[in-house]
Amino acid sequence: MEKKAELYAGKAKSVYATDEDDKLILRFRNDTSAFDGEKMEQLERKGMVNNKFNAFIMRKLEEAGVETHQIELLSDEESLVKKLDMIPIECVVRNIATGSIVRRLGVEDGMDLDPPTFEFFLKNDELHDPMVNDYHIRTFGWASEEEVAAMKELTFKVNGILKQLFLDAGMLLVDYKLEFGRYQGRIVLGDEFTPDGCRLWDKDTRNKLDKDRFRQGLGGVVEAYEEVAHRLGVPLE
Ligand code: 5GP
């Protein structure tokens, strides 16, 4: 597999073409951003930890019947993935209220959400990723009615799989964001599942083990990600 030109550099990952039209290489960088890119830092080892963590979670999801873009790990910081036609929508499920839902709705931080809630956001930093609904998504042509239904169903299916996986390792999956794309007529999970895009709390102490440590300046960011990987049995070396 030959790595070709860089196609796109996001805030934490870079995307490269390959010599095969339907495959891309993702490089997980140490760059860490918050608040739509306003806060930016380099965190040693984060690219490697997230690449390996993501590969582990994507494999668990595949084994449970969720198609993902992940093909294989190529190196510490790189993975080979299927080239998806990405849908510019973020799908968020919340099991516990914290973060933006607390600010928006004034609900109690830390309350259990039963049933879990679901939200769509438009991927647009300039607009600060505004919340949108399924009518917006269809009206403005970001995705079809069937694709909206598939994204919602798959995002909840992921919740069933990962909530238990993390709980078995002593963690609460508080909330997470997924992104999907089209591949050969199917809706496939793309982007990443790492502590950069989800919230994980220790089950007993409710200590934060995710990017909120960076957002809130708590320190020990990569150490927390490594702790999560260690608890799940993700091989990092
Ligand atoms: P909130 O809406 O509370 O800020 O975020 C909900 C969940 O989605 C959190 O787990 C958060 O990490 C994730 N999330 C929402 N938007 C983004 C985003 O633009 N980038 C990343 N990496 N995660 C996001």
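Position 1 is the first residue of the sequence; numbering continues from there. Order of listing sets the numbers, starting from 1, for every ligand and every atom in it.
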Axial cation check for Tyr183 ring with Arg186, 6.0 Å and 45° limits: no
OH-OH distance between Tyr16 and Tyr8, expressed to the nearest 0.5 angstrom: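 Going from OH on Tyr16 over to OH on Tyr8, the span is 13.5 Å.
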Geometric class of the Phe166/Phe53 ring pair [parallel <30°, tilted 30-60°, perpendicular >60°]: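 Because their plane-to-plane angle is under 30°, the rings of Phe53 and Phe166 count as parallel.
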Any sub-3.5 Å donor-acceptor pair from [X]'s side-chain atoms to [Y]'s backbone N or O?
X      : Y      : value
Arg206 : Gly110 : yes
Arg29  : Gly10  : yes
Arg213 : Ala224 : no
Asn133 : His136 : yes
Asn51  : Asp76  : yes

For [atom], what is the closest protein heavy atom, and at what distance to 0.1 Å?
atom                    : result
atom 5 (O) of ligand 1  : Arg199 NH1, 3.6 Å
atom 21 (C) of ligand 1 : Lys177 CE, 3.6 Å
atom 1 (P) of ligand 1  : Ser100 OG, 3.4 Å
atom 7 (C) of ligand 1  : Asp175 OD1, 3.6 Å

Contact (N/O only, under 3.5 Å) between Glu90 and ligand 1: yes
Glu62 and Thr68 side chains, donor-acceptor separation under 3.5 Å: yes
Ligand 1 contacted by Arg94 (non-hydrogen, < 4.0 Å): yes
Arg104 heavy atom under 4.0 Å from ligand 1: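 No.
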Mark up the atoms of ligand 1 that fall under 4.0 Å of a heavy atom belonging to [X], in ascending order.
X      : result
Asp196 : 12 (O), 21 (C), 22 (N), 23 (N)
Cys198 : 10 (O), 12 (O)
Asp129 : 19 (O)
Gly99  : 3 (O)
Arg215 : 11 (C), 12 (O)
Gly197 : 10 (O), 12 (O), 13 (C), 22 (N), 23 (N)

